[in-house]
**Student:** 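Before anything else, here's the structure in question.
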Amino acid sequence: MNLNVYAPMLLCLVPLVTTFLLLAILVPGISVLREFLAVLAGLLAFVPIVILQFLFLNLRIEMLMRAKLFLSIIHSLVFFGLIEEGVKAASLLVLKSRGESLRNFFAYSILAGIALGCFESVVYLLTAVGTRPQVSAEFLQMIFLRMMTALVIHALCAGLGGLCIFYSKNIRRNFSPLVFAIVIHGIYDFFAANAYPLKYFSVAVILLAVLECRIFYLRTRENLASEKSSASGFVDSEKTIEIPKSPALVISVKGEQKNSQEKIQNAQMEEKMFFRKNVEEGAEDFERIQAEAEAAIKAEESKNSFSKKSAKPKNNSEKTIVKNSAPK
């Protein structure tokens with residue numbers, strides 16, 4: 001083997017190593033051990049894919065490749081989409097999905113797809129070296145271009161397969177992400193196998209895969225949150241409602257708190273004044289009633305004293321009369 005081949009082989013593994021390190025550094029809670037398991041799952045998936053494709057190799061005949069458009073699409077969907085994505089999704093079952101966060105499991109799935117794509121690029125490169133005595137620059141350019149596009153489609157379709165497994169394990173059975181992965185991969189290979197300008201449509205298929213990954217990821221996250229809230233019996237309002245922390249809002253909230261405090265203080269002052277007024281009015285009424293009672297008592301006493309004084313002379317006159325009328 002030519003020593004110049006080792007450099008392209010190492011370049012084929014650069015996306016895998018870079019993704020592995022970025023996930024380990026940037027994603028919180030990621031497990032390096034599970035990253036290795038994801039890479040191993042992607043590498044092990046390549047073996048049954050090659051075996052199944054070899055068993056159905058008789059379907060790849062020239063007549064079928066030159067047949068009608070519908071038959072060519074069906075061939076791509078079955079030979080590439082169904083076999084490769086079905087085996088990749090099955091290989092992701094070795095990763096634990098229960099108890100794992102959606103973000104981390106989706107990252108492991110992407111990493112497994114990248115591992116499969118990189119290993120596939122190495123195999124294509126070694127096959128090219130074995131069939132040709134010398135690898136031309138044009139052929140290497142084609143290999144690297146396919147590596148970049150095929151690597152992305154492998155990663156995205158593996159992500160859809162991972163979402164299918166996570167959704168089925170944690171919420172309910174849902175095979176729609178896997179079906180989309182099979183269809184997208186098959187259509188991509190159909191356009192990639194054709195000549196220009198049909199080959200350019202493979203880029204549009206990659207963009208469609210990115211969009212579908214985002215849609216299914218957000219849908220899975222929302223359904224998972226609703227499933228957890230229904231299981232716990234309540235909805236956490238602090239997580240479902242986000243209040244923007246803008247300065248204007250903070251000022252308005254402080255102003256409302258200040259106004260409410262002033263209203264409470266005013267109400268308390270009015271209540272104190274009301275009770276004080278009632279107490280003062282009650283005291284004035286009590287003093288007035290007491291003064292009237294004392295005046296009445298004094299009037300009654302003066303009347304009684306006057307009647308006693310007027311009754312004294314009468315008694316003296318009666319005594320005089322009685323004394324004069326006594327017998328001598």
Side-chain angles (χ1 to χ4, degrees), residues 27 34 37-38 41-42 44-46 48-49 52-53 56 69-117 120 149-192 201-231 240:
V27 179
R34 292 186 180 180
L37 290 177
L44 293 178
F46 185 79
I49 288 174
L52 291 174
Q53 288 181 347
F56 290 95
L69 181 64
F70 178 75
L71 294 178
S72 299
I73 294 177
I74 294 299
H75 171 264
S76 298
L77 290 175
V78 175
F79 194 81
F80 296 107
L82 180 61
I83 293 177
E84 293 190 12
E85 296 308 322
V87 174
K88 275 196 296 185
S91 66
L92 293 176
L93 292 174
V94 300
L95 301 175
K96 182 182 177 181
S97 60
R98 289 187 178 275
E100 187 67 67
S101 65
L102 173 62
R103 178 190 58 193
N104 291 351
F105 192 80
F106 183 72
Y108 298 143
S109 303
I110 294 289
L111 186 61
I114 292 176
L116 176 61
E120 187 180 57
T149 55
L151 186 65
V152 175
I153 204 69
H154 273 295
L156 295 174
C157 291
L160 289 173
L163 291 176
C164 173
I165 293 175
F166 188 88
Y167 201 102
S168 301
K169 290 289 185 179
N170 294 275
I171 304 174
R172 58 182 179 274
R173 290 184 179 179
N174 184 13
F175 297 101
S176 56
L178 182 59
V179 173
F180 272 92
I182 293 172
V183 173
I184 288 173
H185 196 159
I187 295 175
Y188 165 79
D189 277 290
F190 167 75
F191 285 118
F201 285 97
S202 59
V203 179
V205 177
I206 293 175
L207 296 178
L208 177 62
V210 174
L211 180 63
E212 291 299 328
C213 278
R214 176 174 175 80
I215 291 173
F216 279 108
Y217 182 86
L218 295 177
R219 187 179 301 173
T220 305
R221 187 176 65 180
E222 291 175 0
N223 292 335
L224 184 65
S226 61
E227 188 78 12
K228 289 182 178 180
S229 63
S230 61
T240 56

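This is a predicted model, so every value here is computed, not measured.
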**Student:** Determine, step by step, whether I114 and L151 satisfy the side chain to side chain contact (heavy atoms under 4.5 Å, CB included) criterion, reporting the C-alpha distance in whole Å, the side-chain angles of both residues, the deciding distance to 0.1 Å, and the verdict.
**Tutor:** CA-CA 6 Å; I114 292 176; L151 186 65; 4.0 Å; yes
**Student:** Atom CG of L44 and atom CG of L37: how far apart are they, to the nearest 0.5 Å?
**Tutor:**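 Reported value, rounded in 0.5 Å steps: 10.0 Å.
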**Student:** Quick one: are L163 and N174 in side-chain contact, heavy atoms under 4.5 Å?
**Tutor:**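 The answer is no, as the side chains (C-beta and beyond) never meet within the 4.5 Å cut-off.
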**Student:** Does V94 have any side chain to side chain contact (heavy atoms under 4.5 Å, CB included) partners at least two apart in sequence or in another chain, and if so, which?
**Tutor:**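 If we apply the side chain to side chain contact (heavy atoms under 4.5 Å, CB included) test to V94, skipping adjacent residues, the hits are A41.
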**Student:** What's the spacing between L52 CG and F79 CZ if we round to 0.5 Å?
**Tutor:**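 L52 atom CG to F79 atom CZ measures 9.5 Å (nearest 0.5 Å).
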**Student:** Ignoring hydrogens, what is the shortest heavy-atom contact between A38 and L111? Give both atom names and the distance.
**Tutor:**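 Taking every non-hydrogen atom into account, CB-CD2, 4.3 Å.
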**Student:** Return each pair, listed once, that meets salt bridge (charged side-chain N to carboxylate O under 4.0 Å, His left out) where at least one residue sits in residues 159-186; pairs must be two or more places apart or across chains.
**Tutor:**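 Matches after skipping sequence neighbours: none remain.
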**Student:** Kindly indicate whether the side chain of I184, heavy atoms from C-beta on, has any atom under 4.5 Å from the side chain of L156.
**Tutor:**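 No, every pair of side-chain atoms sits at 4.5 Å or beyond.
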**Student:** Just list the side-chain donor-acceptor pairs under 3.5 Å for residues 82-89, sequence neighbours left out, or say none.
**Tutor:**
unit_1	atom_1	unit_2	atom_2	d
E84	OE1	H185	NE2	3.3
E84	OE2	Q53	NE2	3.0
E85	OE1	K88	NZ	3.3
E85	OE2	K88	NZ	2.9
E85	OE2	H185	ND1	2.5
K88	NZ	H154	O	3.1
K88	NZ	H154	ND1	3.2

**Student:** Within the 4.5 Å heavy-atom criterion, are L92 and S109 side-chain neighbours or not?
**Tutor:**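 Answer yes - side chains close enough.
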**Student:** Mind checking the CD1-CD1 spacing from I153 to I187? Nearest 0.5 Å is all I need.
**Tutor:**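 Output value for this atom pair is 10.0 Å.
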**Student:** What closest approach, in Å, do A155 and I110 show between heavy atoms, and which atom pair accounts for it?
**Tutor:**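 Scanning both residues completely, I find the closest heavy atoms to be O-CD1, 3.0 Å.
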**Student:** Show the atom names and distances, to 0.1 Å, of all donor-acceptor pairs under 3.5 Å that link a side chain in residues 201-219 to residues at least two apart or in another chain.
**Tutor:**
unit_1	atom_1	unit_2	atom_2	d
S202	OG	K199	O	2.5

**Student:** Going by atom types alone, do T220 and N223 pair a side-chain donor with an acceptor below 3.5 Å?
**Tutor:**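 N223 and T220 do not have a side-chain donor-acceptor pair below 3.5 Å.
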**Student:** Testing the basics here: between E227 and I171, what is the closest heavy-atom pair and its distance to 0.1 Å?
**Tutor:**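 The answer is OE1-CG2, 4.2 Å.
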**Student:** Checking I49 against L116 for the side chain to side chain contact (heavy atoms under 4.5 Å, CB included) test, could you report, in this order, the C-alpha distance in whole Å, the side-chain angles of both residues, the deciding distance, and whether it holds?
**Tutor:** CA-CA 10 Å; I49 288 174; L116 176 61; 4.0 Å; yes
**Student:** Tell me, please, which residues at least two apart from Y188 pass side chain to side chain donor-acceptor pair (under 3.5 Å).
**Tutor:**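 Y188 satisfies side chain to side chain donor-acceptor pair (under 3.5 Å) with T149 once adjacent residues are dropped.
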**Student:** How long is the span from the CD1 atom in I182 to the OG atom in S76, to the nearest 0.5 Å?
**Tutor:**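 Reported to 0.5 Å precision, the distance equals 13.5 Å.
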**Student:** List the residues meeting ring-ring contact (aromatic ring centres under 6.0 Å, His included) with F166, not counting sequence neighbours, and say none if there are none.
**Tutor:**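 Partners of F166 by the ring-ring contact (aromatic ring centres under 6.0 Å, His included) criterion, ordered by chain and then number, come out as F105.
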